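The block underneath contains the structure these notes are about, expressed in structure tokens.
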Amino acid sequence: MQVTMTVNGTEVTRDVEPRLLLVHFLRETLGLTGTHWGCDTSNCGTCVVLVDGQPVKSCTTLAVMTDGHEVRTVEGLADGATLDPVQQGFMAEHGLQCGFCTPGMLLTARALLDRDPDPDEATIREAISGQICRCTGYATIVRSVRWAAEHPVGAPEQPAEEVPA
Amino acid sequence: MTTVQERSALPQEREPNPALTAPDRPIGFGRVQRKEDPRFVRGRGRYLDDIVLPGMLHGAVLRSPLAHARLVSIDTTEAAAHPGVHAVITGADLERLNLAWAPTLSNDVQAVLATDKVRFQGQEVAFVVAEDRYTARDALELIDVEYEELPPVVDVRRALDPGAPVIRDDLEGRTDNHVFDWEAGDAAETDAVFASADVVVSQEMVYPRVHPAPMETCGAIADYDAVDGRLTLYETTQAPHAHRTLFAMVAGIPEHKIRVVSPDIGGGFGNKVGIYPGYVCAVVGSIVTGRPVKWVEDRSENLMSTAFARDYVMRGEIAATREGRILAVRTTVLADHGAFNATTQPTKYPAGFFSIFTGSYDLQAAHCSVTGVYTNKAPGGVSYACSFRVTEAVYLVERMVDLLADELDVDPVELRLANFIRPEQFPYRNKTGWEYDSGDYEPALRMAMELVDYAGMRREQAEKRACGELMGIGVSFFTETVGAGPRKHMDIVGLGMADGAEVRVHPTGKAVVRLSVQTQGQGHETTFAQILAEELGIPPEDVDVVHGDTDQTPFGLGTYGSRSTPVSGGAVALAARKVKDKARAIAAAVLETRPEDLEWEKGRWHVAGDPSIGKTMTEIALAAHGTVELPEGIDGNLDAEVTYDPPNLTFPFGAYICVVDVDRGTGKVHVRRFVAVDDCGTRINPMIVEGQIHGGLADGVGMALMEFIGFDEQGNCLGGSFMDYLIPTAMEVPDWQTGYTVTPSPHHPIGAKGIGESATVGSPPAVVNAVVDALAPFGIRHVDMPCTPARVWEAVQGRPTPPI
């Protein structure tokens with residue numbers, strides 16, 4: 001069946017099987033491989049994308065369910081050469097290691113900061129609690145999100161600062 | 001040298017050359033952002049499942065629903081006729097190719113696709129190759145397999161019972177489920193010490209089966225070109241070169257015709273060391289169909305069939321004087337190796353490096369005996385950042401020391417301080433034969449105590465106990481043995497455990513380092529560039545690190561057991577020094593002086609006594625490739641290659657203190673604080689070191705409280721999804737507090753010891769010791785992992801820990 005949605009600001013229309021998962025639609029139909037797949041059961045969150053600004057697990061969402069909606073993936077975070085503050089924050093505070101959970105974490109962080117620009121540690125931990133990172137132990141992810149909160153959109157492009165953790 | 005800092009993410013106190021570096025961009029060691037991050041934060045990593053080859057097909061594995069059953073028949077007719085299916089491969093097909101069984105890394109064999117029996121739930125039975133992944137899965141449903149159920153062996157303690165079902169009747173003459181017996185230390189000497197000791201404490205404890213569960217599951221893409229007989233194999237592997245050699249041996253494809261590519265890896269933790277049947281099936285699928293075949297397992301397949309970790313049932317005993325002098329430790333272990341002995345460890349070490357269970361203490365005697373057995377469970381056992389079973393060893397000794405402290409009624413910290421190997425005893429040979437390279441234990445433990453405010457915590461605990469609240473403080477002190485070889489003592493399937501590095505400095509002074517090890521998130525592209533930068537004074541951003549491709553990198557055994565920095569890091573440093581020596585000769589030729597008249601400053605050779613006359617590495621690189629007349633014996637490049645055979649292992653150590661609160665109504669354990677003081681010798685990039693520690697601490701909390709691959713009586717896996725196999729989220733772990741000391745390895749070229757697994761090894765006993773400490777008012781001496789709310793609550797009710 002035909003599905004039309006806006007992905008990272010561009011409208012796309014494709015014929016898909018009704019059973020096609022959103023994660024596979026993004027990765028295989030559109031070639032946006034920044035969204036990862038990790039568990040099938042909505043537990044790990046490597047597949048998180050934003051649907052109308054809300055974090056959604058694309059491994060348990062059918063592509064047809066997002067017909068008419070706006071989808072944002074990690075590829076849509078940066079504004080050209082300028083990284084989103086959450087992207088800069090994760091680099092500055094070592095919020096990633098293998099990078100596999102990172103796209104989902106970044107999008108959840110972006111959604112959090114969009115609704116709460118100055119979240120405390122407990123709020124950040126709760127926001128990312130539906131996602132698993134096997135590498136970082138989460139503390140540096142929390143710091144990364146805080147870094148982004150302290151360097152909001154609109155700041156001039158700059159390399160991430162050296163911040164003692 | 002020992003330095004003490006409250007927070008370890010501060011830049012290393014090394015003097016950078018001010019002429020060469022800006023303060024925030026160290027040329028060499030120090031905190032620097034990772035080179036790999038820009039692609040990852042843009043979603044531009046290239047993981048296995050991101051790779052799409054022209055004409056690529058997709059494979060899926062049919063797995064056994066039963067733990068132990070005879071295979072009566074397989075009917076693939078309907079599956080093969082399903083639209084979009086290109087091939088259905090069974091064990092019988094593989095048998096014709098002599099590929100139904102493959103050698104494991106422990107000198108056993110493992111079924112690729114079952115031919116006679118299935119021996120664990122989730123075992124591979126058939127492989128479908130189809131147009132796309134959905135069609136391949138559809139076709140699995142159409143394969144009809146008839147099984148004749150057999151009684152399974154699930155409880156490791158019953159595996160050697162007379163009359164137990166024999167799992168490995170494929171092995172000729174096999175009448176039981178015994179795999180190996182192995183021992184270390186002097187049994188008679190140890191028994192004598194125990195016989196005359198004032199105090200002996202013993203405890204049985206289980207280190208349960210857990211799983212590394214990297215966020216990216218395992219997979220492969222095989223691309224066999226029948227015209228030139230060349231196989232390109234993309235794999236999620238931590239050991240690309242070892243895999244190439246093994247594929248050459250198994251598949252009969254000449255080694256020079258095999259290229260193994262390990263792209264970006266979404267976490268490994270030991271799960272991606274071995275060769276899985278799915279990889280072999282992808283290769284066969286590509287040969288059969290003439291097209292590339294991708295196979296990626298799903299999460300349940302990962303948890304149910306790939307390398308698990310631990311699964312040791314241990315009986316520990318510790319002997320001491322009444323005054324608190326620890327005399328000896330001995331232990332007997334029953335090791336569950338699953339249905340095939342497919343663990344990864346050096347050949348002479350069937351129990352890995354478990355014999356370092358003597359820990360950080362100066363003992364008079366020690367002995368261990370380990371018996372490995374087969375059960376109807378998935379194979380594996382050495383993975384999950386365990387440093388070849390140092391994890392089990394540290395857990396054993398650190399629980400035993402706490403039990404002894406309880407028996408003697410002394411503070412567990414004081415007992416440890418009184419029994420540490422003293423700094424002047426290093427290098428220290430322990431009672432099972434290890435030579436600890438360096439250590440200074442007391443400052444690390446004292447720093448941890450200071451960071452956590454140990455006395456204050458004990459006061460708070462006393463106050464809480466007085467009003468019935470349960471608070472626990474757990475200490476562990478670990479010493480690891482990592483960075484295997486030396487090659488003469490350590491090999492995997494006959495391949496000596498050495499690793500290589502090649503350094504090339506291009507004519508413009510930029511450089512490339514090619515490594516035999518492979519990153520899975522540890523930041524090799526940054527760390528190894530920094531090692532070269534430190535040695536040659538070339539900025540890390542001017543150094544490209546190439547790894548994960550056997551066509552482009554030197555041979556080596558790969559990344560596991562915290563080997564990368566100790567082994568390939570040594571190779572990079574020594575190759576860089578060869579380049580530096582060569583640069584000296586070339587600079588002397590250019591300056592028309594003698595090499596011995598030149599002095600090194602970072603990045604530049606200058607005339608001794610006149611620093612104004614000299615040549616930078618960039619100038620020397622151009623000269624090396626230019627027209628200058630080179631000295632005798634110096635060829636026209638600035639390249640070097642080293643295969644580093646470590647003279648000894650390295651021995652990182654650390655002191656961990658965990659503070660927990662236990663809800664006596666629900667049994668839920670809350671980890672309130674965790675302080676970790678680590679010593680990994682020289683710290684190349686403190687930010688990366690710190691990150692490695694944080695990740696391992698979360699692992700420790702997970703294993704101690706949540707993670708568990710259990711089985712029911714029929715051998716059904718009870719941890720086969722993330723709904724059942726519980727991994728800590730940000731809600732279950734605290735904000736880690738860290739500190740560090742630096743005691744360089746005396747034998748390592750840069751004094752580095754490896755940090756990849758320290759925290760995973762050291763943290764579980766700290767958490768369990770804290771839980772048991774919290775439950776001390778109930779007279780509880782031990783709770784087996786995972787200390788789930790149910791288990792803790794049962795313990796508080798005075799009921800024994802439910803069996804695993």
Side-chain angles (χ1 to χ4, degrees), chain A residues 17 19-20 24 27-28 31-44 46 73-75 77-78 83-84 86-88 90-92 94 96-103 106 121 124-142 159-162 164-165, chain B residues 7 9-11 24 31 33-34 36-47 49-50 52 132-134 212-217 264-269 298-300 520-523 687-688 690-699 721-723 727-731 733-736 759:
Chain A
E17 273 194 81
R19 65 173 174 171
L20 184 70
H24 291 137
R27 288 179 52 80
E28 295 176 2
L32 296 171
T33 56
T35 302
H36 298 143
W37 166 90
C39 78
D40 289 325
T41 48
S42 282
N43 293 96
C44 83
T46 62
T73 71
V74 67
E75 289 91 344
L77 265 180
L83 293 178
D84 188 282
V86 296
Q87 293 172 303
Q88 291 186 42
F90 271 65
M91 295 204 296
H94 195 28
L96 71 155
Q97 290 181 31
C98 80
F100 204 75
C101 77
T102 310
L106 290 170
E121 179 185 336
I124 297 168
R125 283 182 180 270
E126 191 173 351
I128 61 170
S129 65
Q131 285 158 266
I132 298 172
C133 172
R134 213 56 170 137
C135 297
T136 65
Y138 303 105
T140 55
I141 294 180
V142 173
E161 291 170 12
E162 293 294 316
Chain B
R7 296 300 293 257
L10 298 171
D24 60 344
R31 189 186 204 271
Q33 284 189 17
R34 300 200 320 166
E36 38 277 90
D37 287 354
R39 70 173 184 273
F40 289 144
V41 299
R42 287 173 172 85
R44 297 280 295 273
R46 189 170 184 254
Y47 302 90
D49 202 18
D50 302 340
V52 177
D132 62 79
R133 70 175 82 225
Y134 285 39
M215 297 316 297
E216 179 203 35
T217 59
D264 284 327
I265 301 292
F269 316 110
D298 67 24
R299 179 55 61 190
S300 290
Q520 312 119 45
Q522 299 93 330
M687 179 187 84
I688 289 176
E690 203 69 4
Q692 296 291 292
I693 294 164
H694 282 195
L697 296 176
D699 292 345
S721 82
F722 279 166
M723 308 286 279
I727 290 171
T729 72
M731 304 298 282
V733 296
D735 190 19
W736 318 108

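Sequence lines set the chain letters: A, B, ... in the order given, protein chains first and strands last, and positions in each chain run from 1. All values reported here derive from a predicted model rather than from experimental measurement. The figures here come from the full heavy-atom set of this structure, side chains too, leaving out hydrogens, waters and symmetry mates.
- Note that CD of A:Q97 is 13.5 Å distant from CE of B:M215, once rounded to the nearest 0.5 Å.
- Of the listed residues (A:E28, A:E17, A:R19), the one with the most heavy-atom contacts under 4.5 Å to chain B is A:R19.
- Neither the backbone nor the side chain of B:E36 comes within contact range of chain A; no heavy atom of the residue lies under 4.5 Å from a heavy atom of that chain.
- For chain A, the nearby part of B:Y47 is the side chain; its heavy atoms alone come within less than 4.5 Å.
- For the set B:P734, B:G45, B:G691, B:G268, the entry with the most heavy-atom pairs within less than 4.5 Å of chain A is B:G691.
- Of the atoms belonging to A:T41, heavy atoms from both backbone and side chain fall under 4.5 Å from chain B.
- Other residues, nucleotides and ligands contribute over 12 non-hydrogen atoms within 6.0 Å of the CZ atom of B:R39.
- Across B:G696, B:S300, B:A213, B:S721, the residue that shares the most heavy-atom pairs under 4.5 angstrom with chain A is B:A213.
- Heavy atoms of B:P38 lying under 4.5 Å from chain A belong to its backbone as well as its side chain.
- Chain B forms more heavy-atom pairs under 4.5 Å with one residue of A:A78, A:G99, A:A127, A:G34 than with any other, namely A:G99.
- Proximity to chain A (any heavy atom under 4.5 Å) is restricted, for B:I265, to the backbone atoms N, CA, C and O.
- Between chain A and the residues B:D264, B:V52, B:L697, B:D298, the most heavy-atom pairs under 4.5 angstrom are made by B:D298.
- Chain B forms the most heavy-atom pairs under 4.5 Å with one residue out of A:L20, A:D84, A:I128, and that residue is A:L20.
- If you take CG on B:D37 and CD on A:Q88, they are separated by 12.5 Å, rounding to the nearest 0.5 Å.
- Note: B:P728 leads B:G523, B:P728, B:A698, B:P214 in heavy-atom pairs under 4.5 Å with chain A.
- In this structure, the separation between CD1 on B:I693 and OG1 on A:T136 is 13.5 Å, given to the nearest 0.5 Å.
- Within the 4.5 angstrom heavy-atom criterion, only side-chain atoms of A:L106, from C-beta onward, approach chain B.
- Within the 4.5 angstrom heavy-atom criterion, no atom of B:A759 approaches chain A.
- In terms of modelled atom types and a separation under 3.5 Å, the side chain of A:R134 and the main chain of B:E216 share no donor-acceptor contact.
- Contact count against chain A (heavy-atom pairs under 4.5 Å) is highest for B:R133 among B:R46, B:R44, B:R133.
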